[in-house]
Q: 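I have a structure here, written as structure tokens, and I will follow up with some questions on it.
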2 protein chains.
Amino acid sequence: MTYEAMDVQENLLRNDAEILEDTVTAFRSGSNMPARKRLYPVSPCDSCAAHKKAICSSLEGQALDRFRTKGRTRIIKVGEPLFFESEDIRYFYTVISGEVRLCNILEDGRRQVVGFRSCGDKVGEHFGGKYLYDAEAVCDTIVCQFPVRELEMQMQQSPEMRAKLMKIMQEEISELQQHTILLGRKTPIEKIATFLKNRASKLNLVGEENIEISLSMGRSDIADYLGLTVETVSRTISKLKAEKVIDVPSAHAVVVRDIQQLAVLADGKK
Amino acid sequence: MTYEAMDVQENLLRNDAEILEDTVTAFRSGSNMPARKRLYPVSPCDSCAAHKKAICSSLEGQALDRFRTKGRTRIIKVGEPLFFESEDIRYFYTVISGEVRLCNILEDGRRQVVGFRSCGDKVGEHFGGKYLYDAEAVCDTIVCQFPVRELEMQMQQSPEMRAKLMKIMQEEISELQQHTILLGRKTPIEKIATFLKNRASKLNLVGEENIEISLSMGRSDIADYLGLTVETVSRTISKLKAEKVIDVPSAHAVVVRDIQQLAVLADGKK
DNA sequence: CAAAAACCATGAAATAGATCAAAAAAAATC
DNA sequence: GATTTTTTTTGATCTATTTCATGGTTTTTG
């Protein structure tokens, strides 16, 4: 199938599930379609890994179907932007697979990663004029894209969706406040331990031995997230490895060998 | 007037405005009424300095009057808590005068001030089980206190109030993200300059010469807010004074002599 | 209003983390 | 699949900020 044939208009006529399958296959095979072409109808939500956690989970039946047709599935390759801080808000996104970093840049190039977003997480604002950050894929990523006005409309009709969005915003506030403690008062070891612990707990595998965490992002992303330099991140990870708290089979994978000790280190109890 | 006479029940029978006047007078005169007594009916909103900015500004007429009767005006003296992080959420607050610090404490005593709240600002959460932070007065402070369930009820009926709360939450997120850049990537000078610039811009006096800022909080609160030590805060303020960007007539007052230079320093352009 | 306590400013010393440098490993490109 | 480029790791040095210490102010309290 040529990329021309995968144009949105044409895709709208085809079976949704079939299309996403094609999409993902073409994507995985590494074909470098131009960015504007990588936009497809959203396939049904019941088979979607992100749905349960995502904002769309607040809708059901017809309302959900209707909402879904307003969205587009979009593919973003490593390093590509979803949008920039300076842009007017037009869409908001839900991450389906992969991961996105949210960045703020100072004029001299210093960068702060404000957060990472993965499967089921929301990216982007829904009101106010401009986005609050640059959003970029840290690895090949698939997102659902919805026009903000559709969200607004849907929210007027659905108290469930309103409640869900409020809850998401509240969690965002809570997370940012926690991160504030980390940035302002924690040591490098505490920072890295907290970061790894948080990623581990996202996997819902607490209690198990040898929790395997994937670090989709590079060391410099971690550094800019934790307010450190790349060198300090690298050294600190090495230190945790030397202390047998973690294993590091590859730069993008970490195995937590002692989750309790990791938790102890994260809160600076030792 | 005795404190007994100022009991809430009795106060309910009196004229609201009269009561707040008494309240504030008694408060200013430094009388040390027990904390449980410092709770009064809320006087009418039209004469309230905080109302325009506060969440209650989204209500009008009868709805506002009704809501007001559900609240209490409360006085908190320097250093006294409004609530602690460990407490179940029961009330949320609007600051009428004075200022409140929101803190997170690590087990070994390290502290991060997550934010300050002043006239018109909201303090406290409205859902989830526990508060996210300790809230304490940094100077003598007056707040309005509302049960969270009243807010919930009112929100069901008032789309305006829902919208207002969402906007407040969005601003909170935006502010926290900005603070994240400051904590993760800015130098002490940039941090202090940003802090002073932000406080100046809250006063809506931009463009004027010699903007007078009051620092209700102590140096250690500023330090814990900016991720610095008291000593560095003190030294950095002295440096800005030496460079004639600010004057420091007293420890709790700063006069901005060169707001442009302050802005330049805040973003690290120099 | 005087004594005590808390707070603020500043100097000297110590150090944690940054910067600089270079090799090793991994990923991207032709 | 070999070559270039980027990323990661590790070592050595340096410096900005913290820590420690002290004196001067301001604020609190009895």
Side-chain angles (χ1 to χ4, degrees), chain A residues 29-32 77-80 101 108-112 137-140 182-193 214-242 246-254 268, chain B residues 29-32 77-80 101 108-112 136-140 182-192 214-243 246-254 265 268:
Chain A
S29 72
S31 56
N32 53 350
K77 305 214 99 188
V78 208
E80 283 183 358
R101 67 170 170 253
D108 60 1
R110 277 176 292 175
R111 189 180 71 152
Q112 178 65 38
V138 296
C139 58
D140 291 345
L182 178 145
L183 289 172
R185 289 295 176 227
K186 288 194 175 179
T187 66
I189 294 235
E190 290 163 5
K191 286 176 174 182
I192 295 284
S214 92
L215 304 179
S216 334
M217 70 294 294
R219 295 289 185 268
S220 71
D221 288 333
I222 300 176
D224 287 343
Y225 180 53
L226 302 178
L228 300 169
T229 60
V230 213
E231 293 93 333
T232 302
V233 170
S234 188
R235 265 186 263 271
T236 308
I237 289 176
S238 297
K239 204 178 289 179
L240 288 175
K241 188 180 162 189
I246 58 171
D247 270 337
V248 188
S250 86
H252 289 278
V254 165
Chain B
S29 74
S31 55
N32 53 351
K77 302 215 102 190
V78 208
E80 283 183 358
R101 66 170 170 251
D108 60 0
R110 278 176 290 176
R111 189 180 71 152
Q112 179 64 39
E136 299 156 339
V138 295
C139 57
D140 290 345
L182 178 145
L183 289 171
R185 288 298 177 223
K186 289 194 176 181
T187 65
I189 292 237
E190 290 163 5
K191 286 176 173 183
I192 295 283
S214 92
L215 305 178
S216 335
M217 70 291 296
R219 295 290 185 268
S220 70
D221 289 332
I222 299 176
D224 288 342
Y225 180 54
L226 302 178
L228 300 170
T229 59
V230 214
E231 294 93 331
T232 302
V233 169
S234 191
R235 266 187 262 271
T236 307
I237 289 177
S238 297
K239 204 179 287 178
L240 287 175
K241 188 179 162 189
E243 288 174 9
I246 58 171
D247 268 338
V248 188
S250 86
H252 289 279
V254 164
L265 292 171

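What you see is a predicted model; the values in this text were computed from it and never measured. Just so we're on the same page: letters track the sequence lines, and every chain starts at 1.
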Q: Base, sugar-phosphate, or nothing for A:S238, non-hydrogen atoms under 4.0 angstrom?
A: sugar-phosphate
Q: Write down the distance between NZ (A:K239) and C1' (D:dG11), rounded to a whole number of angstrom.
A: 14 Å
Q: Closest nucleotide of DNA chain C for A:T187 versus for A:S250: which of these residues is on the 5' side?
A: A:T187
Q: Compare the minimum distances between each of D:dA12, C:dC8, C:dA27 and the side chain of A:H252, then state the nucleotide with the smallest one.
A: C:dA27
Q: Please state how far atom CD1 in B:I237 lies from atom C1' in D:dT25, giving the value in whole angstrom units.
A: 15 Å
Q: Check if the side chain of B:R110 and the base of D:dT18 share a donor-acceptor pair of N or O atoms closer than 3.5 Å.
A: no
Q: Check each residue of residues 225-233 of chain B for a non-hydrogen atom within less than 4.0 Å of any atom in DNA chain D, then write out the ones that pass by number, or none.
A: B:G227, B:L228, B:T229, B:E231, B:T232
Q: Measure the distance from NZ on B:K77 to P on D:dT27 and round it to the nearest whole Å.
A: 15 Å
Q: Just the rounded figure in Å: distance from C1' of C:dA9 to CD1 of B:I246.
A: 14 Å
Q: Would A:D224 and A:Q112 count as a side chain to side chain contact (heavy atoms under 4.5 Å, CB included) here? Give the steps.
A: CA-CA 5 Å; A:D224 287 343; A:Q112 178 65 38; 5.8 Å; no
Q: Report yes or no: is there a donor-acceptor pair, N or O only, under 3.5 Å between the side chain of B:R219 and the base of D:dT26?
A: no
Q: Rounded to whole angstroms, how far apart are CD1 on A:I192 and C1' on C:dA16?
A: 15 Å
